[in-house]
Structure formats: structure tokens, C-alpha cells
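Reckoned from all heavy atoms, side chains included, excluding hydrogens, waters and symmetry mates. Each chain gets a letter, A, B and so on, in the order its sequence line appears, and its residues count up from 1. These figures come from a predicted structure and were not determined experimentally.
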There are 2 protein chains.
Amino acid sequence: MATKIEEEPRRGPGRPRSFDRKAALQRALHLFWERGYEGTSFDDLIATMRLSPSSFYNSFGSKEQLYREAVEAYLATSGELFRGVLSEETDTKSAFRNLLEAAAREFSSADHPSGCMISLAGTHVAPSLAGLRATMTGHRRNAQEAMAARLRKGIEEGDVSAATDVDALAAYYSALSRGLAVQARDGATLDRLLQIVSIAMNAWPVSP
Amino acid sequence: MATKIEEEPRRGPGRPRSFDRKAALQRALHLFWERGYEGTSFDDLIATMRLSPSSFYNSFGSKEQLYREAVEAYLATSGELFRGVLSEETDTKSAFRNLLEAAAREFSSADHPSGCMISLAGTHVAPSLAGLRATMTGHRRNAQEAMAARLRKGIEEGDVSAATDVDALAAYYSALSRGLAVQARDGATLDRLLQIVSIAMNAWPVSP
DNA sequence: CTATTTTTGTCGCCATCGCTCCAAAACCTC
DNA sequence: GAGGTTTTGGAGCGATGGCGACAAAAATAG
């Protein structure tokens with residue numbers, strides 16, 4: 001995880017902040033989620049966050065820093081949800097089914113922009129954003145590695161064959177969840193996403 | 001397909017064009033493929049295409065028109081390759097396996113940028129690019145519909161069960177190929193992509 | 001109260017972006 | 001050649017993008 005973000009209202013000298021930092025961040029998060037980094041302008045941001053440029057700059061540093069913070073906030077909510085589902089006490093195959101179904105629901109939820117904020121972000125960008133691209137690739141790798149770890153746990157617990165190519169299988173489910181994000185973005189309904197998940201689970205290796 | 005693009009050198013009055021239009025378009029295509037629409041600036045384009053702004057504007061109209069033309073050129077090569085594989089004379093399951101393996105090879109080829117120019121394009125963009133987004137969504141739908149059509153042909157020919165939910169299965173393989181594009185973009189090797197394809201084919205419905 | 005610290009509002013800035021204009025150049029037809 | 005048509009080179013331009021400067025405002029510390 002990243003550096004600790006200030007959460008409690010600061011006590012001490014200085015003029016107090018006049019806006020809700022979390023709420024402003026959340027609004028920025030939704031804007032980035034919907035439009036991507038390059039598709040979101042500074043003016044869009046401060047208008048949506050209801051901040052002056054100086055408050056923005058003072059509190060969030062820069063557009064890129066804000067984006068990184070928004071991504072961390074996304075990981076702390078949606079990401080945490082997925083991690084929670086994957087680590088529930090159940091057999092490995094059910095854990096993956098639950099994970100993909102949770103993704104299907106989350107990606108098509110009406111509470112926020114459709115799709116995933118991470119899955120497709122920073123894949124095709126200007127050279128000046130190479131750092132951001134690498135960061136997003138890293139987040140995707142982390143998610144895939146979490147899947148691989150769950151599969152290895154399955155091997156230890158005996159409900160996944162020891163012969164399973166864990167990294168390949170994790171890559172498969174990782175790829176599929178990226179595909180779900182594209183489908184959601186293109187307007188697929190929850191039912192359609194769940195159908196895809198159902199089919200995808202048929203690829204699960206035969207029981208040991 | 002789009003409107004017919006001029007291919008033969010124009011005969012008639014006027015100063016002749018001093019550059020190879022196809023080659024310039026191809027260079028632009030690769031730049032867009034690598035960096036996306038928003039990540040590619042006008043100056044980048046004319047430098048890579050080796051054109052003056054006036055030649056650019058005179059010959060390609062605008063950045064957005066050029067992008068659309070580049071997408072059409074992409075569809076005429078990579079897209080045609082995929083369509084060709086899918087329409088080869090073989091059983092339906094093999095056709096899909098061949099399609100995905102072709103995608104794996106194409107997405108990881110060293111001859112051009114990794115991944116796919118269509119799969120992830122225009123998913124998170126500024127509102128001003130809503131038209132472009134809709135166009136790209138349309139291209140993705142077309143690809144998925146081509147898969148559905150091949151499945152329906154399989155039902156007619158008897159090697160796909162008539163009970164198969166064709167649209168759902170097409171959506172599954174479509175989603176998977178989008179995921180392959182993300183994986184390729186994030187540096188996955190051809191071997192890894194082929195492993196994913198191999199696993200994905202296990203989801204194929206049991207024979208009729 | 002004064003001193004200090006932090007946030008805020010306003011104005012403006014400099015680079016980039018995506019063109020656009022115009023005159024000169026290079027071809028064709030007659 | 002004259003006239004017409006298209007392309008080219010180069011200069012520049014209006015809008016936007018992402019900040020930054022600065023002084024006033026609002027808090028605490030002593």
C-alpha cells in the first residue's frame with residue numbers, strides 16, 4: 001500500500017480546510033474512472049471537486065498525484081472487496097467463481113461508472129506517462145499474483161491438482177476479468193457478464 | 001467497411017503529392033496503436049509521418065479523421081487476418097482455437113506495437129470523444145457478432161449443440177480476446193498468451 | 001494581543017494542441 | 001506559353017491544459 005493518507009482532521013495552527021477532502025477525492029475518483037487520466041482535465045477536476053486551483057494544488061499536489069491517490073482509494077474499496085471475496089473460507093473453485101461474480105456485479109453497478117478503474121488504464125498512453133503506465137501494469141500484476149497465491153493455497157489444501165500451472169491459470173482468470181471490464185464499459189448487462197463468468201468457470205481444471 | 005480510400009496515384013491537374021500516403025498512414029497507425037488517440041499529439045504525428053501541417057491537413061483532414069482511417073487500415077489487415085482464420089473450413093471449435101491462437105500471435109508480434117488497436121481503445125475518454133468511443137464500441141460489437149455468426153453456422157452444420165447460448169459464448173470469447181490484449185500490453189509473452197488460450201478452450205461446451 | 005501557520009480566492013502564465021492561412025511550387029490542359 | 005488545379009512550406013493563432021504567485025483569511029500558540 002501507499003503512504004498513509006491523513007484521515008483525522010488536523011489539529012494545530014493554520015486555517016482549517018473548508019471542504020471534505022474524502023468527498024472531493026471520491027468525486028475525482030469517479031471522474032477518472034469514467035474518463036481516464038488523459039480524458040480528465042484540470043478544470044473538470046476542480047469544478048467537480050468544487051475547489052479553487054490553489055486549494056486543489058495545496059491539498060492534492062498535482063493531477064498525477066491526485067490520480068495515484070484516487071487509484072489507491074479505488075484499491076481500498078473495490079480492490080479490498082475482491083480480495084475479501086477471494087480469501088473467504090471456501091474451496092478454491094468457488095472462491096474464483098465468487099470473485100468473478102463479484103467483479104461482474106461491481107463492473108455493472110449503477111453506483112459508479114461501469115467497468116474497472118484499473119483493468120484498462122494506462123495501456124496506450126503518451127511516452128510522458130510511462131511512469132503511470134508502469135504503475136497500472138504493476139497493479140494488474142498484483143491482482144493476478146493474488147489469484148496465483150489463492151491457487152497455490154488450493155494446492156496446499158488439496159482441492160487443486162499439484163500439476164496445475166498456477167501462473168497460467170491465474171493469467172487466464174486475470175485476462176477474463178479484464179475482458180469483463182471491457183464488456184461492461186461497452187454496455188453489457190449484469191446478466192450477460194454472469195453468463196460469461198459461468199462459461200469461464202467451465203475451463204476450471206478437472207478435479208484432482 | 002468505410003468509404004473507398006483513394007489508392008491509385010491521382011491522374012490529373014495539380015501538383016503531385018511528394019510523399020507515400022500509405023506509408024505515412026502506416027506510421028500514424030503504429031503511433032496510434034502504441035499511444036492511443038489522446039496520447040498521440042498532432043506534432044508527434046506530423047513528425048513521424050514526415051509531413052508539414054498543411055500536407056497533413058490537406059491529405060488527412062484532421063487528427064480524428066486520420067485516426068478513423070488508421071482504424072480502418074488496421075481492420076483491413078489484422079482484422080481481415082482474424083476474419084480469415086475464423087472462416088476457414090474446419091470444425092467450429094478448431095476455428096475458435098485457431099482464432100484465439102492467431103490473436104495471441106498477432107498481439108505479441110514484434111512487427112508492431114503489442115496488443116490490439118481496437119480492444120481497449122476509447123473505453124475511458126473525455127465527453128468530447130463520445131463519438132469515437134461509440135465507434136470503437138461498434139467495432140468490438142462487430143467482432144463479437146462475427147464470432148456469434150460462426151457459432152450459428154456451427155449449429156447449422158451440427159458440430160455445435162442447438163441448445164448453446166450463442167451470444168453468451170461469443171461474448172465469452174470476445175471478452176477473453178480483450179483480456180489477451182491487456183496481457184500482451186503488460187508484457188506477456190506469446191507462450192503465456194497461448195497457455196491462456198489453451199485454458200480458455202476448455203470452456204468449450206461439451207460436444208452435442 | 002502578536003506571531004505563526006495553514007488554507008483560500010483570484011489572477012495570470014507559459015507551454016502545448018490542433019489546426020489555419022497564404023503564397024509559392026509543381027503539375028495538367030489547352 | 002496561359003490558365004487552372006492541387007500540394008507544399010512556413011508562419012502563426014485561438015483555445016485549453018496544468019499549474020503558480022500572492023496576499024488575504026482563519027485558525028492556534030504563547
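Set against D:dT8, D:dT5, C:dA26, the side chain of B:P13 has D:dT5 as its closest nucleotide. Of the candidates D:dT7, C:dT8, C:dA26, D:dT7 carries the atom nearest the B:R17 side chain, counting heavy atoms from C-beta on.
Atom pair A:F60:CZ and D:dC19:P shows a separation of 14 Å (rounding to whole Å applied). Between the P atom of D:dT8 and the CZ atom of B:R50 lies a distance of 15 Å, rounded to the nearest Å. Distance A:R15 CZ to D:dA27 P: 8 Å, rounded to the nearest Å. Atom pair A:R21:CZ and C:dT7:P shows a separation of 10 Å (rounding to whole Å applied). Distance OH (B:Y57) to P (D:dT7): 14 Å, rounded to an integer number of Å. Atom CD1 of B:I46 is separated from atom P of D:dT8 by 13 Å (rounded to the nearest Å). Residue B:K63 contributes atom NZ, which lies 8 Å from atom P of C:dC17 at whole-angstrom precision. Whole-Å rounding puts the B:N58 CG to D:dG10 C1' distance at 15 Å.
Remark: the backbone N or O of B:G115 is not paired with any side-chain donor or acceptor of B:S119 at under 3.5 angstrom. When atom types are taken as modelled, the side chain of B:R178 and the backbone of A:L180 share no donor-acceptor pair closer than 3.5 angstrom. Side-chain atoms of A:Y172 come within 3.5 Å of backbone N or O of A:A200 as a donor-acceptor pair. Side-chain atoms of A:S108 come within 3.5 Å of backbone N or O of A:A104 as a donor-acceptor pair. Proximity of a side-chain donor or acceptor of B:S55 to a complementary backbone N or O of B:L51 within less than 3.5 Å is not detected.
For residues 26-41 of chain B, proximity to DNA chain C is found at B:S41, defined as any non-hydrogen atom under 4.0 angstrom from a strand atom.
Comparing B:F19 and A:F56 by the nucleotide of DNA chain D whose heavy atom lies nearest to each, the residue mapping closer to the 5' end is B:F19.
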